[in-house]
Engineer: 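Supplied in structure tokens, the structure appears directly below.
The structure presented is a predicted model; accordingly, all values stated were derived computationally and were not measured. The analysis underlying the following values was restricted to heavy atoms, covering all of them including side chains, and did not include hydrogens, waters or symmetry mates.
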Amino acid sequence: MTTPDAPEPSAPFAEQLAYLIALLRQAPEREDEVCRAVESLAARVAREPAVVEAGIENTWALDGDPLKERLLVRGVDAIRVRAGAPAPELLALVKALADDTAPIPSTAAVQVELVPAPAAARPSAPVVPPPLSPLPPAQQVPRARPGDRLAELLESVLRDLGAKLGEGRYHPALHDAQAALRLLPGLSEETRRTFAIALRRLLAPPVLQALIEQAYRIPEEQPRTVEVLRFAGAGGAELALEILRGSDTLGPRGFLLDALSGMPEALPLLLPLFQSDRWFDLWLAAELAGRLGRAEAVPHLVRLLGHGDERVRHAAVDALGRFRDRSVVEPLRRALGHPSPATRARAGG
């Protein structure tokens with residue numbers, strides 16, 4: 001992994017901050033470059049303040065923005081830097097953001113606003129289920145037919161996965177689960193179905209919960225966790241949605257939204273949310289419905305265009321804008337005449 005090129009001294013504060021975080025994560029031994037980057041960052045705010053916001057409610061727009069993704073992973077909602085903020089305080093903040101577990105400092109000159117998240121969702125205080133009681137291998141994993149080398153390899157991987165789960169070693173278990181997923185497509189249909197059932201049995205709800213908790217602590221494993229959750233099907237979708245509904249912000253749980261976005265089986269779980277009184281339930285339902293792109297959700301999204309909460313209206317506008325269907329043209333046209341200037345601007349964006 002290569003670090004990005006150093007930005008110009010006149011580059012925006014956020015761009016310089018992102019570069020310094022990447023440098024500390026990927027090449028902390030390059031101390032001279034780190035010192036120069038810190039000095040440049042301090043010079044950028046020597047005479048004027050700076051604000052960086054994570055955009056919790058707009059994660060649909062975060063693809064390709066490493067800084068905002070890192071803020072979300074660390075549960076940071078906003079950073080407010082006063083003019084003249086000293087370099088040591090800026091460096092302390094950047095070091096904390098570059099780390100996956102270090103406490104994030106907040107001072108009078110460098111103020112950090114954290115996302116309020118329930119204790120169960122904080123990456124700093126995970127609740128990991130105890131190790132599973134391993135079942136006899138014969139009850140967990142089918143036997144491969146003699147001579148079927150691919151099936152024999154998959155059998156070995158699943159047996160190792162069962163052993164790792166029994167020991168509570170969820171990190172290597174996650175890698176085993178992904179390896180099994182990559183092997184399944186090469187099997188014959190009948191054999192693939194048999195081993196897929198065995199893999200889903202191993203990925204029981206307590207295991208999925210443990211893998212999710214692990215992903216809070218190790219953000220680099222979130223894409224792998226997403227892949228496993230999607231394979232888990234309805235059970236994985238139900239668990240991910242339940243966790244997301246536990247708070248009115250995404251924070252470090254944003255990767256679960258990505259998981260659900262690739263799970264068509266999540267749609268039936270979303271439809272009841274459109275009747276909720278909570279704005280976040282409605283925002284979540286609209287965001288996921290737009291990502292899934294299923295026509296069944298369009299009437300519900302159209303109804304939300306008249307909701308009293310602007311965040312809900314914006315989510316509905318964004319979701320409908322993702323559909324390539326004539327049925328959404330008229331509702332979006334009507335949104336252009338909404339009394340709220342912000343909603344009109346959103347619909348015309």
Engineer: Would you call Glu220 and Arg224 a salt bridge, taking side-chain N to carboxylate O under 4.0 Å as the test?
Structural biologist: no

Engineer: What residues, two or more places apart in sequence or in another chain, satisfy ring pair (Phe, Tyr, Trp, His ring centres under 6.0 Å) together with His300?
Structural biologist: Phe274

Engineer: What closest approach, in Å, do Pro205 and Leu239 show between heavy atoms, and which atom pair accounts for it?
Structural biologist: O-CD2, 4.0 Å

Engineer: For the residue pair Asp281 and Arg245, what are the closest heavy atoms and their distance?
Structural biologist: OD2-NH2, 2.8 Å

Engineer: Just verifying a value: how many Å separate Leu305 CG and Thr343 OG1, rounded to the nearest 0.5 Å?
Structural biologist: 9.0 Å

Engineer: Might you point out which heavy atoms bring Ala179 and Val157 nearest each other, and give the distance in Å?
Structural biologist: CB-CG1, 4.3 Å

Engineer: Linking I/L/V/M/F/W/Y whenever their side-chain heavy atoms sit closer than 4.5 Å, directly or via other members, would Leu67 and Phe13 fall into one cluster?
Structural biologist: yes

Engineer: How close do Ala85 and Ala42 get, heavy atom to heavy atom, and via which atoms?
Structural biologist: O-CB, 4.4 Å

Engineer: According to the salt bridge (Lys or Arg N to Asp or Glu O under 4.0 Å) rule, which pairs have a member within residues 230-243, sequence neighbours left out?
Structural biologist: none

Engineer: Carefully, step by step, assess Glu287 and Arg322 under the rule salt bridge (charged side-chain N to carboxylate O under 4.0 Å, His left out).
Structural biologist: CA-CA 10 Å; Glu287 174 68 17; Arg322 292 173 172 169; 3.6 Å; yes

Engineer: With sequence neighbours left out, what residues match Lys95 under side-chain hydrogen bond (donor to acceptor under 3.5 Å, both in side chains)?
Structural biologist: none

Engineer: Mind checking side-chain hydrogen bond (donor to acceptor under 3.5 Å, both in side chains) for Arg169 and listing every partner two or more places apart, or none if nothing turns up?
Structural biologist: Glu167

Engineer: In the single-linkage hydrophobic clustering (I, L, V, M, F, W, Y; side-chain heavy atoms under 4.5 Å), do Ile21 and Ile218 co-cluster?
Structural biologist: no

Engineer: Are Leu114 and Leu90 linked, directly or through intermediate hydrophobic residues, by side-chain heavy-atom contacts shorter than 4.5 Å (ILVMFWY only)?
Structural biologist: yes

Engineer: Can you list everything that forms a side-chain contact (heavy atoms from CB on, under 4.5 Å) with Phe231? Sequence neighbours excluded, please.
Structural biologist: Leu181, Leu184, Ala196, Leu199, Arg200, Leu203

Engineer: Atom CG of Leu260 and atom CG of Leu269: how far apart are they, to the nearest 0.5 Å?
Structural biologist: 8.5 Å

Engineer: What's the shortest heavy-atom distance between Ala151 and Thr191, and which atoms?
Structural biologist: CB-CG2, 4.2 Å

Engineer: Who are the salt bridge (Lys or Arg N to Asp or Glu O under 4.0 Å) partners of Arg303, not counting sequence neighbours?
Structural biologist: none

Engineer: Got a sec, which residues hit side-chain hydrogen bond (donor to acceptor under 3.5 Å, both in side chains) with Arg192, two or more places apart in sequence or on another chain?
Structural biologist: none

Engineer: Is it the case that Glu221 and His171 place a side-chain donor and acceptor less than 3.5 Å from each other?
Structural biologist: yes

Engineer: Which residues pass the ring pair (Phe, Tyr, Trp, His ring centres under 6.0 Å) test with Phe280, not counting sequence neighbours?
Structural biologist: Trp283

Engineer: Under 4.5 Å between any side-chain heavy atoms of Lys164 and Leu174, yes or no?
Structural biologist: no

Engineer: Rounded to the nearest 0.5 Å, how far does CG of Leu304 lie from CH2 of Trp279?
Structural biologist: 13.0 Å

Engineer: Out of curiosity, does Leu288 fall in the hydrophobic cluster containing Leu271 (side-chain heavy atoms, cut-off under 4.5 Å, transitive links)?
Structural biologist: yes

Engineer: How would you list, by chain and number, every residue that makes a side-chain contact (heavy atoms from CB on, under 4.5 Å) with Glu89, sequence neighbours excluded?
Structural biologist: Pro86, Thr107, Ala109, Val110

Engineer: With a 3.5 Å distance limit and no angle check, can you tell me whether Arg44 reaches the backbone of Gln16 through a side-chain donor-acceptor pair?
Structural biologist: no

Engineer: Has Glu8 got more than 12 heavy atoms of other residues, nucleotides or ligands less than 6.0 Å from its CD?
Structural biologist: no

Engineer: Per the side chain to side chain donor-acceptor pair (under 3.5 Å) rule, what does the pair list look like for residues 146-158, sequence neighbours excluded?
Structural biologist: Arg143-Glu155, Glu155-Arg159

Engineer: Take a 6.0 Å sphere around CD of Glu31 and say whether it holds more than 12 heavy atoms from other residues, nucleotides or ligands.
Structural biologist: no

Engineer: Under the side-chain contact (heavy atoms from CB on, under 4.5 Å) test, which residues partner Pro28, sequence neighbours left out?
Structural biologist: none

Engineer: Of all residues at least two apart in sequence or in a different chain, which pass the side-chain hydrogen bond (donor to acceptor under 3.5 Å, both in side chains) check with Arg294?
Structural biologist: Glu296

Engineer: Search all heavy atoms of Ala316 against all heavy atoms of Ala286 and return the closest pair with its distance.
Structural biologist: N-CB, 4.1 Å

Engineer: May I ask you to test the Val94-Leu23 pair for a side-chain heavy-atom distance under 4.5 Å?
Structural biologist: no

